[in-house]
Student: 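Take this structure first; my questions come after.
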Amino acid sequence: MTTNTLDMKSLEDEIDRLNAQVTKQGSTVRALKKASTSDADAIASAVKEMQELKIRVEELMKMKEELDPAAAAKNKFNRKSFDDLILRKMFVVPSFEIHGGVKGLFDLGPPACSLKAAMIDIWRKHFVLAESMLEMECTCLTPEPVLKTSGHVERFTDLMVKDVETGECFRADKLLEDSIDALIESNPAMPTEEKESHLRIQRQADAFSPTEIDELLLKYECKGPGPSQKPFSPSFPFNLMFKTSIGPEGTSVGYLRPETAQGLFVNFKRLLDANAQKMPFAAAQIGLGFRNEIAPRAGLLRVREFCMGEIEHFVNPDDKSHHNFASIASKELTLFSRDDQLGSGKTCTISIGDAINKAKIVNNETLGYFMARTQLFMEKIGMDPNRLRFRQHLLTEMAHYACDCWDLEIHTSYGWVECVGHADRACYDLDVHSKATKTPMLATLKLDKPKEIHVAKLKFDRKLLGKTFKADQRIVSSALEALAEDWKTFEPIATSLETSPDGTAIVDNYTITKDMLTYTKTSKKVHEIKFTPSVIEPSFGMGRILYSLLEHSFYQRPHDEQRCVMKFNPIIAPHKCAVLPISSASETNAIVDEIAMHLMDHDLATRVDKSTASLGRRYARADEVGVPFAVTVDFQTLVDDTVTMRERDSTVQIRMPKKDVTNLIFDFCHGRASWEEYALNKYPVVMVDDGEESGNKDADAAKANASTIVETSLRGAFSRPAQNIL
C-alpha cells in the first residue's frame, strides 16, 4: 500500500495491522529470550524486525496527523497546562521537595486526598458491600518465608552495578544501552556493519548473564560518575522489594509487601470459618504496596509506594459460574483478545455474556463478572468509557499456572496503561502456602446425594519409611494419603512406580520406591468432596486509576485556553459546592455562612470564597479544583430568599429558592437527580453577566433562552426580565 493511496480508513486499518505484527513479534522475542536453546543472533534478528515494525507504525501515525490536523489538535493533550494545574492547585506534589525530593515518591495534596478517599469509598460500596466480601487489613511488613513461598524473593530482581567511589547504584542493562547510544552518536561516520554489531548487543542488554554484562561494560568503557571515573563494580541481582529486619536481633528478615494479596491467602482458613464454611466467597483488602523501582517515571504511574485494592474470590475449580452473572451479562465491553492482538490488531465491542458463551474468549463467568463490574466502577467514578479496554494476556505473558488474564487498560497521554489486572490464578497460591506450611487449604462441597468415587487404598512399610525419611516419614505418608483420596490424583504416582526404570515416583520432592507401600484401586461412597479453591483476582492500582481520572477530567474552555477545568463527577468531587457572596456586605456573608453550614451538616464538602475577586474569577478557581456547582448569594437573595446555582461544565445558571439548595446538591451527588433532566426543567434559567462562554452550543442556547438576566453595576446587581415588556 503506497502513501498516495492511503485514505483515513485504510490508514487506520494499516496501523492496526502493523500494531498486531509488533505484538506478535514481541511475543516471539520473549519466547526466544526464555528458551535456553536460543542463540544471540536469533534474538537480535527478532528484536531488529520488531523495531522496524515500530518505526513503520510511527511513520503512519505522523501521516494520520497530517491527513486530519484538526482531529489531531483536538486529541492532543496539553501536558504543560495539566502539569501546571496539578502542581499549582496541589493535587500532587513531590515528596520532601524542599530537601531536593526523592524519585518515585509523591504526596497527595488536599484535593487529590479527598478525591482518592471518595474513590476508595465508592470502591468499597461497589465491591465489598455489594458483594458481601470479607474485608481485611493485613500488615505491610511481611516475613521472608511468606514471600519466598509466593516466589517474590526470587522473581523481583534486576542486575545492578555500583559506582565504587560514591556507592551510587545503576541498572546495568540501561548503562550498557546508554553507552552504546553515546558511542554511535559520537561516531557518525561509523561503518554500517560495525554499527549494526553494536546495536545487536544493545538489543540483548536485558538478556545477558552477570558475567557477560560485566565484560561488556568494560568493553564499552562504562565508568562511574565519581571524580576518578573508575569502572563500576561487578553486577549483582537487585531485588525490587524493600528489605528490612524484624526485631532488634536482626536475625529475622522481612520485606515491605510488594502486593496486598499474600495476607489474604495465608488467612484463608480463618476467612472460610468466618464465612461459615460457605463457598464461593470473596475477601478484599485495600492498602499500601512497596516496590523499590530502579527508574521511577511517568508521575503516579510508576512509583515506589502505592495504594492497591485487591479482591481474592475463592471458587470451586470445577464450577466457576457466578450466581449474579445474569445481572451484568448484557454489559458491553471493549475487548482486545490475544487472537486480535496477533491478527487484526483491532478491538471488538461485545457483551460479556456473548464473550463467554458464544465467542468463548473469556474463560469463565466469575472472571467475566468482575471484568464487567470493574467497567461499571470506572464509569461510576467518571472515567471516559471510550478510553477503556480489556486486553487479554498473550500466552508468553501468562504464568504457567494461570487459566486466563485480562488487564483493564486506560488510555492516557502516556498511551494505554494497565490499571486493573483480572487473573484466574487457579489453585496456585493456596497450594504453595499449603505445601510450605503443611497446612491444609481445603474447602468442602456438601453433596445432595452420596457419590461413589475411586480411591487408592494404601498400606505402608512403616519400617522402611522411617529408615529412609526419618523425621519426615509422617510428612511423606500424609502427602501420599492426601493423593490417595482420589484415584485421579494418585494414578500418576502409581504409573510412575510401575513403569519407571528404577520403580520410583516423586512426591513433594521426596523419592518414593514401590517397596515402601502397596496400593489397590477401590471405590467408596462420599457425602462431601474436599478441594483446593481456585482464585479469581481483580487487582486495582489505585494510584494509576487516580492519575488517569485526573487526565480524563482535565480540559480547557474552548474560547480561553487559560481557563482550565476538572470535570469531576459530583459523586467523587473533592468539594460538592462553592458558595459565593456577590458583595462583602455582612447581610450576604451571613446567608453564605448559613447555606455552607447546612450543606456541611449533610456531609457535603463545601468551598466558601468571600474574596474580593470578580465573580467570574471565583468561578474559575472553583472550576480548577473540579467543584461541580456554585451557589451565589446576590442582592435578589435579600429580597425574595432565592439564589443562583451554576453548573460547572455548561456554566448555565438557574434561580431557585435558598431552601432547596441542600436537597438538590445532595441528590446530584448521590445520583438521584441530574442537572439536565431535573434542575433545568424545574427552575428558570438566568443569564448572569460574568463574562463566561462555555463553548457548549446547548448550554449557550439555554442561556439565550433565559427568563431573567442578572446585571451588575457599581452599585450592585439586579434582575430584570430577559425580554422587554414593551
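Since this is a predicted model, take the numbers as computed values, not measurements.
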Student: With W123 as reference, evaluate V128, I545, I381 under the side chain to side chain contact (heavy atoms under 4.5 Å, CB included) test and give the passing residue.
Tutor: V128

Student: Are R563 and E624 close enough for a salt bridge, meaning some N to O gap below 4.0 Å?
Tutor: no

Student: Quick check, are the ring centers of F127 and F540 under 6.0 angstrom apart?
Tutor: yes

Student: Is the shortest side-chain N to carboxylate O distance from K80 to D84 below 4.0 Å?
Tutor: no

Student: Quick one: does Q285's side chain have a donor or acceptor within less than 3.5 Å of a partner on T260's backbone?
Tutor: yes

Student: Quick check on K125: does its NZ atom have over 12 non-hydrogen neighbours (other residues, nucleotides or ligands) under 6.0 Å away?
Tutor: no

Student: Regarding R338 and D340, does a basic nitrogen lie under 4.0 Å from an acidic carboxylate oxygen?
Tutor: no

Student: Please confirm whether F390 and F336 have ring centers closer than 6.0 angstrom.
Tutor: no

Student: If we ignore angles and hydrogens, is there a donor and acceptor under 3.5 Å between the side chains of D407 and H393?
Tutor: yes

Student: Please determine, by modelled atom types, if Q341 and R391 share a side-chain donor-acceptor pair under 3.5 angstrom.
Tutor: yes

Student: Show the nearest heavy-atom pair for residues S321 and D319, with the distance to one decimal.
Tutor: OG-OD1, 2.7 Å

Student: Donor-acceptor pair, H552 side chain versus D384 backbone, under 3.5 Å?
Tutor: yes

Student: Using only atom types and a distance under 3.5 Å, with no angle test, would you say the side chain of N78 pairs donor to acceptor with the backbone of S81?
Tutor: yes

Student: Between R557 and D623, is there a side-chain N and carboxylate O pair less than 4.0 Å apart?
Tutor: yes

Student: Strictly under 6.0 Å, is that where the ring centroids of Y369 and F325 end up?
Tutor: no

Student: Of the options L301, V92, I86, which is the one that meets Y547 in a side chain to side chain contact (heavy atoms under 4.5 Å, CB included)?
Tutor: L301

Student: In Å, rounded to the nearest 0.5 Å, how long is the span from CG of L408 to CE of M383?
Tutor: 8.0 Å

Student: Spell out, as yes or no, whether a donor-acceptor pair under 3.5 Å connects the side chain of D404 to the backbone of N363.
Tutor: yes

Student: Hey, what's the ring geometry for F265 with F314, parallel, tilted or perpendicular (30° and 60° as the breaks)?
Tutor: perpendicular

Student: Work out which heavy atom in F106 is nearest to a heavy atom in P94; give both atom names and the distance.
Tutor: CD2-CA, 4.1 Å

Student: Have Q392 and S337 got a donor and an acceptor in their side chains that come within less than 3.5 Å?
Tutor: no

Student: If you look at every heavy atom in L300 and G543, which pair is closest and at what distance?
Tutor: CB-O, 4.0 Å

Student: Who passes side-chain contact (heavy atoms from CB on, under 4.5 Å) against A372, sequence neighbours left out?
Tutor: I328, K331, I352

Student: Considering non-hydrogen atoms only, spot the tightest contact between T366 and K320 and give its length.
Tutor: OG1-O, 2.9 Å

Student: Sub-3.5 Å donor-acceptor pair from the side chain of R257 to the main-chain atoms of L288, do we have one?
Tutor: yes

Student: Please check if the side chain of N187 supplies one atom and the backbone of A189 the other of a donor-acceptor pair under 3.5 Å.
Tutor: no

Student: Under 3.5 Å, is there a donor-acceptor pair linking the side chains of D429 and Y401?
Tutor: no

Student: Would you say the side-chain atoms of D354 pair up with the backbone N or O of I350, donor to acceptor, closer than 3.5 Å?
Tutor: no

Student: With H313, which residues qualify under ring pair (Phe, Tyr, Trp, His ring centres under 6.0 Å), at least two apart?
Tutor: H322, F370

Student: Please check: side-chain N/O of S553 versus main-chain N/O of L550, any donor-acceptor pairing under 3.5 Å?
Tutor: no

Student: Decide whether a cation-pi geometry holds between R389 and W416; the criteria are a distance under 6.0 Å from NZ or CZ to the six-membered ring centre and an angle within 45° of the ring axis.
Tutor: yes

